[in-house]
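Every chain is numbered from 1 and lettered A, B, ... according to where its sequence line falls, protein lines coming before strand lines.
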Number of protein chains: 2
Amino acid sequence: MPKSPANTARSKRAGSQLTPDAIIEASLRIAARGSEDAFTVRRLGEELGADPTAIYRHFRDKDELLLSVADRTLGEVLDSIPEGLDWKGRIRALADGSLAVALKYPVVGSAMASRTTRRPNEFRVVELILGAVMEAGLEGAEAALHYRMVADSLLAYVGQQAAYFLFDAEARAADESAWTREYRLVDPRAFPNITRLSTELAEVADEQIFEATVGALISAIEKRAETLRGA
Amino acid sequence: MPKSPANTARSKRAGSQLTPDAIIEASLRIAARGSEDAFTVRRLGEELGADPTAIYRHFRDKDELLLSVADRTLGEVLDSIPEGLDWKGRIRALADGSLAVALKYPVVGSAMASRTTRRPNEFRVVELILGAVMEAGLEGAEAALHYRMVADSLLAYVGQQAAYFLFDAEARAADESAWTREYRLVDPRAFPNITRLSTELAEVADEQIFEATVGALISAIEKRAETLRGA
DNA sequence: ACCTGAACACCGTTCAAGT
DNA sequence: ACCTGAACACCGTTCAAGT
């Protein structure tokens, strides 16, 4: 925070009082528009009422800005998790919050799926997951491993959903109609299972899939803890 | 396949006998170079010894080319799965093969994580997973749901790994050193779990995480099948 | 000390012109 | 029928010049 030592001599122009925070907030506003509005340096300049390249005074490059923006959205996720939940509840709340925030800011969710922000809120998320798996009964290397399983799987899944959300409507429609079109027209002899289940395949809802995936992760932790208790 | 009706009057110039197949193969060669070589239309033109824009004669746009390339890599995955495995073995082989191929062609693996190719080899993968979950004892909507869980989770995870592989060495080193640097230096009072497990967190291997994730998916299917058999 | 704006080295894609 | 190459509308980023 000790970046802008004195705010004397401000407001020469309306929107162009540039600070890292202002840039992050403008980024979030653009990101929230999803596929409507590309998240580019030039667009960010417009949003800030400043020259696009002014951003480089406050962030080394676009990647570093994105990392900071991502950490901010992680804060939103953390704030959405209620107090007093047991370990399963906390993991579920984290999962739901992550998905919601990733879909709210799809560019961020999609770009950060394979990254580590190494910033404050990421530490808080790590601490939360570790606390959950330890409460479940895991410790040491087992706790570390299952933390990574939950974190990586969740991030990957949520990032994938965000990336999908980022497509323009046309490309998305083509992908979605596959289940009700292409998959209904396959050769029944070559693809008997697809033929048999084509209706059911088209009816699976995204929420069910996410719920099943998160459930699988929680069960895996539970099962491992039981096995270790037994030994 | 009935795209090039007659191959008369060929070889006017050496490398510029353009066919969809030749373009896909050139794409795979570039993709296999990972972060060394960007997969751009211009680079593809060089690889083919043709003008970059000649590609648009054979594919509507880069996305359609990528979809075709992706389906080809799915073929490689399928070919790597041995015959005669039980359902768990088939899912494990599919998972391992997908990861291997995604890391072999990281641009493809990363770009396709949130896509559907709607092409022949994708049908074969769907058929394979459906066969596995049905052999496990699931049917109807349950089989469809668990197919989606396996497919989406695997694709997301594998795509994430591929995207990570695509970073230049520097960015990757920064991310990796986080566990042995930043995470060792956190405030022990604010982050007791991280502090306690910092050594173990740095030691978790990628293979373990993938194994745990795939295991969690398989267990979830098994557990659901047991529950249904009981009812 | 910070912002501006021209400029650079890239992208994917279109389209008139060539053979 | 297919390929070429100039051109267009974008990108992220650098750097000298302004205030």
Rounded to whole Å, please give me the gap between [atom1] in [X] and [atom2] in [N].
| X | N | atom1 | atom2 | value |
| --- | --- | --- | --- | --- |
| A/E46 | C/dC3 | CD | C1' | 17 Å |
| A/F59 | C/dC2 | CZ | C1' | 15 Å |
| A/L18 | C/dT4 | CG | C1' | 12 Å |

Side-chain donor-acceptor contacts of residues 102-112 of chain B below 3.5 Å, not counting sequence neighbours, with atom names and distances?
unit_1 : atom_1 : unit_2 : atom_2 : d
B/K104 : NZ     : B/E76  : OE1    : 2.9
B/Y105 : OH     : B/E76  : OE2    : 2.6

Applying side-chain hydrogen bond (donor to acceptor under 3.5 Å, both in side chains), name anything that partners [X], two or more places apart in sequence or on another chain.
| X | value |
| --- | --- |
| A/T53 | A/D51 |
| A/R92 | none |
| B/D96 | none |

Can you build the contact string for nucleotides 8-16 of chain C? Use B for base contact, S for sugar-phosphate-only contact, and - for no protein heavy atom under 4.0 Å. ---BBBB--
What donor-acceptor contacts under 3.5 angstrom involve side-chain atoms of residues 197-214 of chain A, with partners at least two apart or in another chain?
unit_1 : atom_1 : unit_2 : atom_2 : d
A/T213 : OG1    : A/I209 : O      : 2.8

OP1 or OP2 of D/dC2 versus the side-chain N and O atoms of B/H58: is any pair under 4.0 Å? no
List the atom pairs, donor and acceptor, that lie under 3.5 Å between side-chain atoms in residues 62-69 of chain B and the rest of the protein, sequence neighbours left out.
unit_1 : atom_1 : unit_2 : atom_2 : d
B/K62  : NZ     : B/F39  : O      : 2.8
B/D63  : OD1    : B/R115 : NH1    : 2.9
B/D63  : OD2    : B/R115 : NH1    : 3.3
B/S68  : OG     : B/E64  : O      : 3.3
B/S68  : OG     : B/R119 : NE     : 3.4

Could you write out DNA chain D as a dot-bracket string, with dots for unpaired bases, | for bases paired across to another strand, and Watson-Crick or G-U pairs counted at under 3.5 Å? ||.|||||...|||||.||
Side-chain heavy-atom pair B/V77, B/V125 within 4.5 angstrom cut-off: no
Can I get a per-line list of side-chain donor-acceptor pairs under 3.5 Å for residues 40-50 of chain A, giving both atom names and the distance, sequence neighbours left out?
unit_1 : atom_1 : unit_2 : atom_2 : d
A/T40  : OG1    : A/R43  : N      : 3.0
A/R43  : NE     : A/D37  : OD1    : 2.9
A/R43  : NE     : A/D37  : OD2    : 3.0
A/R43  : NH2    : A/D37  : OD2    : 3.3
A/E47  : OE1    : A/R33  : NH1    : 3.3
A/E47  : OE1    : A/R33  : NH2    : 2.9
A/E47  : OE2    : A/R29  : NH1    : 2.7
A/E47  : OE2    : A/R33  : NH2    : 3.3

